[in-house]
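Step one of this worksheet: look at the structure below.
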Amino acid sequence: SGINAEYGGPDGVLIGPTDPGSRQGPRGARGRPGVTMKSEYAQVRQYTLHSQTNKHPSCTFDMTELTLLNGGRQPPISAESSQELWRGYSALYMDTSSGSGWGQPLSSSGSCLKKFEIQPVVECSTNPGCEVKFDESSMWMSTCPVDTTDGDTIGEFLPNGEVEYDPNNPTKVTDYISRCAVCESTYPWLAVHSFNDRVPECPQPNDGKFAAYKLWEGWSLIMAKDRGGGVGQDLTTPGSCLKRFSTLMSAKCQYAGSSVSGPNCVFQSSNAEILFVRNSEKEYDDDASVPSRARDLHTYFSRCSVCLLKILR
């Protein structure tokens, strides 16, 4: 009854009962087991976690925490579907005296250096060749307290001024450098942002082709920088969603300072900046800034979630 305009053939005619249940075929065969880290052809992805503390983060999923994050539903995944490749220190940016700089997005494995160095860069050119220049600096992610939303400032937590770095006793500096871990996972991770002060839910498809489960909640980060140097975050990647809110997150390290003649790090640099995604529903006063001690400071910024996607079919 009628001609299909696209293909030119006649429309098909349904013969038999019109009840959808009467056309249901037999149950299909059981599907193959899902991919695990031990699978011969497992397709894995690399992600980097930054603790914002001096303790290394764990790549293995805490299933109790994930169950709470997902409204009491335990995600149907293995805790070992994310595993550690290596751990290190959270690197943000390397600045050179020639004006060229280098930085890595926080989701990339290049932002997790196995060893902390005041200046891990060697600069090479045709003349005079390769050398380490002692007027260059590096920028690392600093630690922050568990909660900075109660009216205290990050400046009361981090050291003030130039902190001397002694390679034989580095803890005066490294106690305030964030730790990181590079992980491989059999599932893709995705960051979503609300652009308001409410934590977004993970996307759920209408066609049932995948399920999404929340890994953590945080604050929407664009960039941390110092003296013009920094690297922006892709807002789809986990590095754009900081677990801990902090208005300072960088430590600038150099071979010589103004008050310390040797290697040192500055945790409260006057040039340090951090760029967040703002809460688009919050009104700002063009003539006044928001005080750093304001108890509602964190409501001016967008919230985010990092989600794990499990492909179903």
Side-chain angles (χ1 to χ4, degrees), residues 37 42-62 65-66 69 75 77-95 101-117 120-121 138-144 174-193 202 212-226 229-246 248-251 253 274-277 304-309:
M37 285 295 185
Q43 182 179 5
V44 297
R45 300 160 177 84
Q46 284 187 6
Y47 301 100
T48 302
L49 302 178
H50 301 272
S51 68
Q52 297 176 267
T53 73
N54 56 17
K55 306 296 183 185
H56 289 97
S58 173
C59 291
T60 303
F61 295 135
D62 182 334
E65 180 182 353
L66 294 192
L69 277 173
I77 60 175
S78 167
E80 285 74 34
S81 58
S82 175
Q83 296 183 2
E84 182 181 298
L85 293 176
W86 72 81
R87 55 177 55 182
Y89 296 84
S90 304
L92 292 175
Y93 192 80
M94 307 299 155
D95 205 4
W102 162 83
Q104 294 283 322
L106 291 175
S107 292
S108 75
S109 56
S111 68
C112 188
L113 300 187
K114 293 182 180 180
K115 186 178 180 181
F116 176 79
E117 295 275 4
V121 173
S138 59
M139 188 167 70
W140 304 77
M141 178 184 283
S142 60
T143 59
C144 77
T174 57
D175 277 354
Y176 295 95
I177 301 295
S178 171
R179 303 303 201 270
C180 54
V182 176
C183 315
E184 60 177 2
S185 173
T186 54
Y187 299 103
W189 301 0
L190 174 72
V192 292
H193 305 268
C202 291
Y213 303 98
K214 195 176 292 186
L215 295 180
W216 73 80
E217 300 171 350
W219 311 86
S220 304
L221 173 71
I222 296 177
M223 176 189 291
K225 64 178 186 175
D226 188 291
V231 60
Q233 309 301 316
D234 181 341
L235 292 180
T236 65
T237 61
S240 66
C241 189
L242 285 180
K243 281 188 178 181
R244 298 188 177 193
F245 175 79
S246 175
L248 279 178
M249 59 174 285
S250 62
C253 300
I274 181 169
L275 306 181
F276 288 102
V277 178
C304 55
S305 297
V306 173
C307 308
L308 176 149
L309 305 183

Close side-chain approach of [X] to [Y], heavy-atom, < 4.5 Å:
X    : Y    : result
W219 : I274 : no
R244 : T53  : yes
V231 : L92  : no
Q233 : L242 : no

>> Taking salt bridge (charged side-chain N to carboxylate O under 4.0 Å, His left out) as the definition, give me every residue that meets it alongside E217, ordered by chain and number, with sequence neighbours left out.
In response: K214

> Who passes salt bridge (charged side-chain N to carboxylate O under 4.0 Å, His left out) against K55, sequence neighbours left out?
Replying inline: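 Partners of K55 by the salt bridge (charged side-chain N to carboxylate O under 4.0 Å, His left out) criterion come out as none, since no residue qualifies.
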
[atom1]/[X] to [atom2]/[Y] distance, rounded to the nearest 0.5 angstrom?
X    : Y    : atom1 : atom2 : value
L221 : F276 : CG    : CZ    : 6.0 Å
C59  : E80  : SG    : CD    : 12.0 Å
S82  : L215 : OG    : CG    : 8.5 Å

> Do you know which of R179, M141, M249 makes side-chain contact (heavy atoms from CB on, under 4.5 Å) with S90?
Replying inline: M141

Would you find a donor on one side and an acceptor on the other, under 3.5 Å apart, between the side chain of [X] and the backbone of [Y]?
X    : Y    : value
S107 : Y47  : no
H50  : L106 : yes
W189 : R45  : no
W86  : C112 : yes

> What pairs with Y213 under ring-ring contact (aromatic ring centres under 6.0 Å, His included), at least two apart in sequence or on another chain?
Replying inline: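 In terms of ring-ring contact (aromatic ring centres under 6.0 Å, His included), with neighbours along the sequence ignored, Y213 is linked to no residue.
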
